[in-house]
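The structure presented is a predicted model; accordingly, all values stated were derived computationally and were not measured. The figures here come from the full heavy-atom set of this structure, side chains too, leaving out hydrogens, waters and symmetry mates. To find a chain, count down the sequence lines: A is the first, B the second, and so on, and within it residues start at 1.
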Amino acid sequence: MTTPSKPVRVRYAPSPTGDFHVGGARTALFNYLFARHHGGQFILRIEDTDQKRYNPQALTWLLDGLRYLELEWDEGPDIGGDFGPYTQTERLELYQKYCHQLIDEGHAYRCFCTPERLAQVRQERQKQGLSGYDRHCRNLSAQESAARADAGESFTVRLKMPLEGDITVTDAIRGDITFQFANLQDAVIMKSDGIPTYHLAVVVDDHHMQISHVIRGDEWVNSLPLHVYLYRALGWEPPVFAHMSLILNPTGKGKMSKREGRAPDGRVLPVFVRTFQELGYLPDALVNYMATVGWSFDDKTEIMTRRELIERFSLERVNTSPSTWNYDKLNHFNGLYIRNLAPDELADRLLPYLHAAGINADRDTIRRIAPAIQERLTVLTDAAEWVDFFFVDELPEFDLNLLVPKKMALADVPPILRAARNILAQAEFTHDALDAALRQGAKAAGLKPGQMFQPIRIAVCGKKVAPPLFNTLEVLGRQTTLKRLDSALARLEK
RNA sequence: GCCCCCGUCGUCUAGAGGACUAGGACACAGCCCUUUCAAGGCUGCGACACGGGUUCGAAUCCCGUCGGGGGCACCA
């Protein structure tokens with residue numbers, strides 16, 4: 001894309017009503033990438049004009065989520081900026097001012113209809129295949145309107161939309177979109193409590209904050225004519241609009257759920273950024289994956305660093321069709337990113353998750369075992385079950401039958417274990433030495449390597465699926481290893 | 001019901017009239033490697049929604065049908 005002539009200023013403007021959803025995160029990401037690509041500003045604005053649905057935790061979830069994803073913003077409610085305040089309820093006077101201006105200039109009118117009447121009208125019109133308001137108050141005289149307002153009658157303010165003709169808006173992603181005014185409503189722009197609706201607030205703020213590009217979800221296309229008309233009525237130049245298609249639910253129908261379901265296998269299907277974090281998705285992996293949902297660079301590149309994403313992002317290559325969230329692919333990305341971590345960094349990242357899982361892990365042990373489990377991890381929380389046995393005094397009781405190698409019987413196990421014990425009592429506890437000694441021992445005992453390794457693994461780890469044996473033994477150390485072998489032998493002798 | 005958007009493998013996508021025998025990735029299957037589990041390598045399976053046009057030629061342009069999504073609040 002050619003660099004826009006005006007300075008690029010984009011915003012992510014969520015409403016603090018609930019948890020921070022990946023759909024929103026993706027919108028934030030695309031705005032962020034666009035801003036960084038053009039060397040512009042990424043602004044955070046809180047659209048809290050809905051007092052009823054306000055959720056005090058939402059802002060924390062949002063800010064924490066953006067920080068976790070490392071989508072740093074240049075201006076926002078917490079850090080301020082030259083165009084603040086960045087919370088809409090702190091800007092009410094501004095909206096009032098323009099609302100009055102619109103009424104005075106005949107672009108908007110007071111509507112005294114009660115919610116009851118509106119509900120009734122809506123119902124009646126629905127039967128006729130029409131929707132919305134019947135414009136009952138549209139032609140009240142200025143005098144009557146003012147008088148009733150002065151008398152204290154409750155009212156909302158509606159935009160006086162043209163009754164005929166059409167309006168064409170150019171969307172940077174979709175191209176031209178045309179709407180017939182005849183199909184549009186006289187939308188409420190100011191509620192009876194003096195708080196504007198989204199439509200007025202968004203236009204006023206985007207203009208005052210000098211937003212150059214509005215990149216938002218597809219659910220807003222239908223209010224495009226309303227917004228553009230508002231810009232006209234206010235005498236302002238509208239920003240460039242770009243509507244990105246939504247993310248669809250992997251299970252079932254419709255846009256991606258606001259609730260976290262479960263896969264048929266019982267696995268959690270996260271939809272909140274917080275949950276992705278809790279499960280141990282790496283921010284870079286999530287960001288990379290999210291960028292590929294609805295955007296592509298070329299026909300084969302999908303693994304990209306943040307820097308590359310920024311370099312390569314463009315609105316032109318944003319897809320117009322909705323796409324389904326693919327957990328398998330995200331997991332694949334995450335595994336890839338985990339495998340690319342340096343062992344030290346992996347250890348650092350793993351530690352808090354292990355502690356959260358109740359494992360009394362120390363940095364040094366984790367650092368030593370990290371390379372062995374690295375390629376086995378899909379998400380960071382997977383590590384717990386790979387390493388828990390390193391950090392217990394006594395192994396939880398396991399099924400003794402697990403000790404039995406393929407095509408052998410329980411009675412065959414004690415001699416194998418005793419042979420292993422003899423070897424391990426003397427062997428040097430390093431990966432290669434253990435490898436050599438145990439292989440040789442197996443051969444001497446007339447066993448295949450696996451037939452010797454399996455019982456040792458079970459005796460020492462208490463489970464069938466575990467990190468590679470020699471790494472495990474090396475980290476565990478001779479003392480613990482022998483102790484666990486003895487303990488298994490003791491149980492077998494009972 | 002009305003309005004808007006969209007329609008390439010199961011999924012994410014490449015493709016902007018001839019370069020398409022339609023490319024890549026995930027998933028799936030098989031094989032190789034292998035001390036469990038992974039990871040990795042190789043191979044395979046698999047799509048232009050349908051019907052009409054336009055054109056010498058259409059996945060690409062137009063129309064219709066069907067399908068999917070979104071919207072029609074004093075919510076955003």
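Taking only side-chain nitrogens and oxygens, A/R158 comes nearer than 4.0 Å to OP1 or OP2 of B/C74. OP1 or OP2 of B/G68 has not a single side-chain nitrogen or oxygen of A/S321 nearer than 4.0 Å. Regarding contacts with the backbone of B/C74, a side-chain N or O of A/R122 is found under 4.0 angstrom from either OP1 or OP2. Distances shown here put a side-chain N or O of A/K255 below 4.0 Å from the OP1 or OP2 atom of B/G71. Considering only side-chain N and O atoms, A/T320 lies nowhere under 4.0 angstrom from the phosphate OP1 or OP2 of B/C5. Dashed line: the shortest gap from a side-chain N or O of A/S296 to OP1 or OP2 of B/A14 is under 4.0 Å. For B/A76, the OP1/OP2 oxygens have a side-chain nitrogen or oxygen of A/K191 closer than 4.0 Å. Side-chain nitrogen and oxygen atoms of A/R317 include none within less than 4.0 Å of the OP1 or OP2 phosphate oxygen of B/C12.
Where A/E47 and A/L248 each meet RNA chain B at their nearest nucleotide, the meeting point lying more 5' is that of A/L248. Of the residues near RNA chain B, A/N319 and A/N183, the one whose nearest nucleotide (by heavy atom distance) lies more toward the 5' end is A/N183.
Across every non-hydrogen atom of A/C111 and A/R158, the tightest pair is SG-NE, 3.3 Å.
By the side-chain contact (heavy atoms from CB on, under 4.5 Å) test, A/L246 is found to be paired with A/D218, A/E219, A/K255, residues two or more places apart in sequence or in another chain being considered. Remark: A/Y289 pairs with A/W325, A/F333 by the ring-ring contact (aromatic ring centres under 6.0 Å, His included) rule, at least two apart or across chains. Residues forming a side chain to side chain donor-acceptor pair (under 3.5 Å) with A/T60 (at least two apart in sequence, or on another chain): none. Residues forming a side chain to side chain donor-acceptor pair (under 3.5 Å) with A/Q88 (at least two apart in sequence, or on another chain): A/E47, A/D205. Every residue two or more places apart in sequence or in another chain that forms a side-chain contact (heavy atoms from CB on, under 4.5 Å) with A/T114 is listed here: A/E116, A/R117. With sequence neighbours left out, A/Q51 forms a side chain to side chain donor-acceptor pair (under 3.5 Å) with A/D193. The side chain to side chain donor-acceptor pair (under 3.5 Å) check on A/R216 picks up A/Y198, A/H227, A/H243, with sequence neighbours excluded.
In this structure, a donor-acceptor pair under 3.5 Å is absent between the side chains of A/T378 and A/N331. Neither side chain, A/Y54 nor A/D48, offers a donor N or O lying under 3.5 Å from an acceptor on the other. At a cut-off of 3.5 Å, with distance as the only test, a side-chain donor of A/T178 or A/T168 sits close to an acceptor on the other residue. A/T320 and A/R174 are not linked by any side-chain donor-acceptor pair at a separation below 3.5 angstrom, with hydrogens and angles left out of the test.
Across B/U21 and B/G7, the matching P atoms stand 23 Å from one another, rounded to whole Å. Comparing the C1' positions of B/U54 and B/C62 gives an interatomic distance of 7 Å, to the nearest angstrom. For the P atoms, the distance linking B/G18 with B/A25 amounts to 25 Å, nearest Å. Between the P atoms of B/C6 and B/A49, the separation comes to 15 Å (whole Å). Taking atom C1' in both B/G68 and B/G10, the straight-line distance is 16 Å, to the nearest Å.
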Grab the N/O contacts between the protein and nucleotides 47-50 of chain B below 3.5 Å, and write none if there aren't any.
none

Between protein and nucleotides 21-24 of chain B, what N or O pairs are separated by less than 3.5 Å?
{"unit_1": "B/G23", "atom_1": "N2", "unit_2": "A/D299", "atom_2": "O", "d": "2.9"}

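Among the protein residues, A/W325 comes within range of no part of the nucleic acid, since none of its heavy atoms lies under 4.0 Å from any strand. Here A/P449 lies out of heavy-atom contact (under 4.0 Å) with every strand. At the heavy-atom level, A/P14 lies nowhere under 4.0 Å from the strands shown. Within 4.0 Å of A/N331, counting heavy atoms only, lies no atom of the nucleic acid at all. A/R216 comes within 4.0 angstrom of nothing in the nucleic acid, heavy atoms only. Among the atoms of the strands shown, only primed sugar atoms or phosphate atoms (P, OP1, OP2) are found under 4.0 Å from some heavy atom of A/D50. As judged by a 4.0 angstrom heavy-atom cut-off over every strand, A/R339 is placed among residues touching the sugar-phosphate backbone only. Residue A/T178 is classed as a sugar-phosphate contact, given heavy-atom separations below 4.0 Å to backbone atoms only. Heavy atoms of A/G217 sit nowhere under 4.0 angstrom from any nucleic acid atom. Counting non-hydrogen atoms under 4.0 angstrom, A/T156 reaches a base of the nucleic acid. Contact annotation for A/K448: no contact, since no heavy-atom pair falls under 4.0 Å across all strands.
A donor-acceptor contact under 3.5 Å is formed by the side chain of A/S192 with the base of B/C74. In terms of polar N and O atoms assigned as donor or acceptor, the side chain of A/R174 never comes within less than 3.5 Å of the base of B/C5 in a complementary pairing.
Here B/C75 is the nucleotide among B/C26, B/U36, B/C75 with the atom lying nearest to any side-chain atom of A/R53. Of the candidate nucleotides B/A76, B/G71, B/A38, B/A38 has the atom lying nearest to any side-chain atom of A/R376. With B/G10, B/G40, B/A76 as the candidates, the nucleotide lying closest to the side chain of A/L336 is B/G40. When each of B/G70, B/A76, B/C74 is scored by its nearest atom to the side-chain atoms of A/Y198, the top-ranked nucleotide is B/A76. Checking B/C26, B/C6, B/C3 against the side-chain heavy atoms of A/D328 singles out B/C26 as nearest.
Using N1 to N3 plus N6-O4 or O6-N4 for Watson-Crick, or N1-O2 and O6-N3 for G-U wobble, each under 3.5 Å, B/A47 pairs with nothing. Pairing partner, B/G7: B/C66, with both Watson-Crick or wobble hydrogen-bond distances short of 3.5 Å.
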Output a table of donor-acceptor pairs, distance under 3.5 Å, between side-chain atoms of residues 439-451 of chain A and any protein atom two or more places apart or on a different chain; print 'none' if there are none.
{"unit_1": "A/R439", "atom_1": "NE", "unit_2": "A/D435", "atom_2": "OD1", "d": "2.6"}
{"unit_1": "A/Q451", "atom_1": "OE1", "unit_2": "A/K448", "atom_2": "N", "d": "2.9"}

Please set out all donor-acceptor pairs under 3.5 angstrom arising from side-chain atoms of residues 456-470 of chain A, sequence neighbours excluded.
{"unit_1": "A/K463", "atom_1": "NZ", "unit_2": "A/E385", "atom_2": "O", "d": "2.5"}
{"unit_1": "A/K463", "atom_1": "NZ", "unit_2": "A/D388", "atom_2": "OD1", "d": "2.9"}
{"unit_1": "A/K463", "atom_1": "NZ", "unit_2": "A/D388", "atom_2": "OD2", "d": "3.3"}

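Separating the CH2 atom in A/W295 from the CZ atom in A/R317 is a distance of 8.0 Å, to the nearest 0.5 Å.
Proximity of residues 468-476 of chain A to RNA chain B (heavy atom under 4.0 angstrom from any strand atom) is restricted to A/P468, A/L469, A/F470.
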